[in-house]
Amino acid sequence: MTGDRVLARNTLLNFAGQLLPAIAAFIAVPILVRAIGLTRFGILTLVWTAVGYFSLFDFGIGRALTHAIATRLGAVPSEGVAHSDREHHVEDMAAVTWTALFVLLILGMVGGLIVFVATPTLVARVLNIPAEMQPEARSAFYILSLALPLTLLTLGLRGVLEAFQDFGVATALRLPLAVLSYFAPIAVLPFSHDLIPIVGSLFVARLLGLLLHLWACARRYAFMRRPTTARASLLGPLLGFGGWMTVSNVVSPLMVNLDRFMVGALLPMASVAYYTTPYEAVAKIWLIPAALLGVLFPAFAAAFAGASDRTAILLDRGVRVTIVAVFPICLAVVALAHEGMGLWIGSDFSKQSAPLMQWLAVGVFINSAAQVAFTALQGTGRPDQTAKLHLIEFPLYAAAVWLLARAYGLTGVAIAWDLRVTVDAILLFALVAKQVPSARARLVTSYRAVTVAVALMIGAALMQTSATRVAAFVAGLIVFAGLTWTTLIRIDERDLLKRWLKGLTARGGFAESA
């Protein structure tokens, strides 16, 4: 479950599972806007957004289930286990899985009931929906309320697949569901432009996704076919772990969105566009660590339960891979922000937003490395530490944004964000070093690499002309490539790469001679 090849393959699969839906959205959105109009599309966008935020209704149970299964897998050796012990293990796996799924079903039904009851008020008073569109909107949100239990159960079943590192199956199921979320409404257009069948197609897609996930899990894992009942004794650990996960899942988005709301409150409204546009562009870089971290979470849980040094190895390698993968992109953003924003939106907009993009890119790089430590803490059973850290950071960050925005405008907001992610990274790595003591010596190399990388990005940001910025970008890549080969890549990893390159060369030479 924690082998290097398995994790590398699953990271690529996870990345594809995030990238392809974005491409589907890019294709589908213009078609839907032209076909159903801006008002209906606005309501459909709210439905999509609500479906995405439904994961908060699971109170972290889906992630807790992944952790519970992975921990059990890591604690039991694959060989030398008595038949009675193996039977008990299978029964325990079945019990914790069905207990979690039962809780998710109840939470989904309660959440769906809340959405159902709130829909009339939401449509009539909260949302600015024209009177003639309100009947359609109410029906759309009623259908949405029915989809909530399906969504939460699917999240739980996907958590089972991820616990076993079956990301190939999870991605094969996830991609059609994500693509259907955008193309099912398009399939309805030849018959109707009404919101009811369009949102109804999303409900059908969710139901199909749930059934396919259930079928895949029942077919792959024998314990899923074992008759059992939910155990009250398992609720405490699941709810405890999931509760702390929920705190992070709620507070973290608040911190992510706090700055732009405060910009709108403290500065001219045009400042929101100047800040949000580069932020949203740079935030796409997080797709890379997100693909890795989804795979590492169950791997951390399994390795830590096995009481081996594998946890430290995974942590060290995860940080180094993230640094190597993210730095070239962040350096390019910092060095070429002025030219890129100018080509994308215009020179006047670039003068305001390019410096912000540079500050934000540095922060994204630091935060990407810190997310590995964040995931390691949660994977090793300490989501309480990450949640408490977020609770402490939130008011301090709000105060920093308020003070620096008033003093330095938009630049002050970006500086406050960089300060928060830097302090967050320092504290997360301190906590994870305490949780996994054997990782302390390994992580020193990564700390130094992050320092050098940040210095290179700052140097590129200080350049004043396009030529010097391009030169700084090229020089930064060369310096970091040397640092990567001599320091970030271990001796055994260099030997492995050399053998791999020799193999490629040999096959290439054979093909040429043939």
Side-chain angles (χ1 to χ4, degrees), residues 15 19 259 271 273-292 319-372 404 408-422 425 445-489:
F15 183 71
L19 181 63
D259 46 9
S271 301
Y274 289 135
Y275 184 83
T276 302
T277 302
Y279 184 98
E280 291 298 330
V282 173
K284 299 297 184 289
I285 298 173
W286 276 321
L287 287 174
I288 298 173
L292 174 63
V319 175
R320 289 187 289 115
V321 167
T322 301
I323 292 171
V324 173
V326 172
F327 172 75
I329 303 173
C330 290
L331 178 63
V333 171
V334 171
L336 307 176
H338 292 273
E339 290 73 18
M341 290 297 293
L343 289 172
W344 183 27
I345 299 180
S347 58
D348 291 338
F349 196 94
S350 175
K351 290 177 183 177
Q352 299 291 333
S353 60
L356 303 176
M357 179 176 270
Q358 292 174 320
W359 280 103
L360 294 170
V362 174
V364 165
F365 172 74
I366 295 171
N367 183 255
S368 296
Q371 285 185 32
V372 183
L404 291 174
Y408 303 105
L410 286 177
T411 301
V413 178
I415 292 173
W417 192 81
D418 274 8
L419 288 174
R420 183 190 72 81
V421 298
T422 301
T445 300
S446 296
Y447 300 154
R448 293 171 179 168
V450 169
T451 303
V452 173
V454 170
L456 291 172
M457 286 188 282
I458 292 174
L462 293 176
M463 299 296 105
Q464 298 299 314
T465 65
S466 296
T468 55
R469 286 193 285 264
V470 171
F473 171 61
V474 174
L477 285 182
I478 294 172
V479 170
F480 198 78
L483 178 68
T484 298
W485 183 254
T486 58
T487 306
L488 283 176
I489 300 179

Next on the checklist: Could you tell me if the side chain of I288 sits less than 4.5 Å from the side chain of L292, heavy atoms only?
Outcome noted: no
Checklist outcome for this item: To the nearest 0.5 Å, atom OG1 of T411 lies from atom CD of Q352 at 9.0 Å
Checklist entry - Once you round to the nearest 0.5 Å, how far does OG1 of T487 lie from CZ of R448? => result 8.5 Å
Checklist entry - Within a strict 4.5 Å, meaning less than it, do heavy atoms of the F327 and L456 side chains meet? => result yes
Next on the checklist: Give me the atom names and distance for the closest heavy-atom approach of V421 to D418.
Outcome noted: CG2-O, 3.2 Å
Next on the checklist: Looking at every non-hydrogen atom in both residues, tell me the closest pair between S350 and P355 and how far apart they are.
Outcome noted: O-CD, 3.8 Å
Checklist entry - CE of M341 to CG of L356: how many Å apart, nearest 0.5 Å? => result 9.0 Å
Checklist entry - Do V282 and F365 pass the side-chain contact (heavy atoms from CB on, under 4.5 Å) test, and can you show the C-alpha distance, the side-chain angles, and the key distance before you say yes or no? => result CA-CA 10 Å; V282 173; F365 172 74; over 6 Å; no
Checklist entry - Can you find a pair of side-chain heavy atoms, one from H338 and one from Q358, that are under 4.5 Å apart? => result yes
Next on the checklist: Any non-hydrogen side-chain atom of P328 less than 4.5 Å from a side-chain atom of L477?
Outcome noted: yes
Checklist entry - Is there a donor-acceptor pair closer than 3.5 Å between any side-chain N or O of R469 and the backbone N or O of M463? => result yes
Next on the checklist: Less than 4.5 Å apart, side chain to side chain, heavy atoms only: is that true for F480 and I323?
Outcome noted: yes
Checklist entry - So V413 and W359, side-chain contact (heavy atoms from CB on, under 4.5 Å) or not? Walk me through it. => result CA-CA 10 Å; V413 178; W359 280 103; over 6 Å; no
Checklist entry - So with a 6.0 Å cut-off around OH of Y447, is the heavy-atom count from everything else above 12? => result yes
Item to check | Euclidean distance, N367 CG relative to W417 CH2, rounded to 0.5 Å | outcome: 5.5 Å
Next on the checklist: Does L360 form a side-chain contact (heavy atoms from CB on, under 4.5 Å) with Y275? I'd like the steps, not just the answer.
Outcome noted: CA-CA 10 Å; L360 294 170; Y275 184 83; 3.8 Å; yes
Next on the checklist: How close do P289 and S368 get, counting heavy atoms only, and between which atoms?
Outcome noted: CG-OG, 3.7 Å
Checklist entry - Are the side chain of T322 and the backbone of A369 linked by a donor-acceptor contact shorter than 3.5 Å? => result no
Checklist entry - Knowing that exactly one of I285, I366, V362, V454 qualifies, which makes a side-chain contact (heavy atoms from CB on, under 4.5 Å) with C330? => result I285
Checklist entry - Checking side-chain contact (heavy atoms from CB on, under 4.5 Å) for the pair L404/L419: CA distance, chi angles, key distance, verdict? => result CA-CA 11 Å; L404 291 174; L419 288 174; 4.2 Å; yes
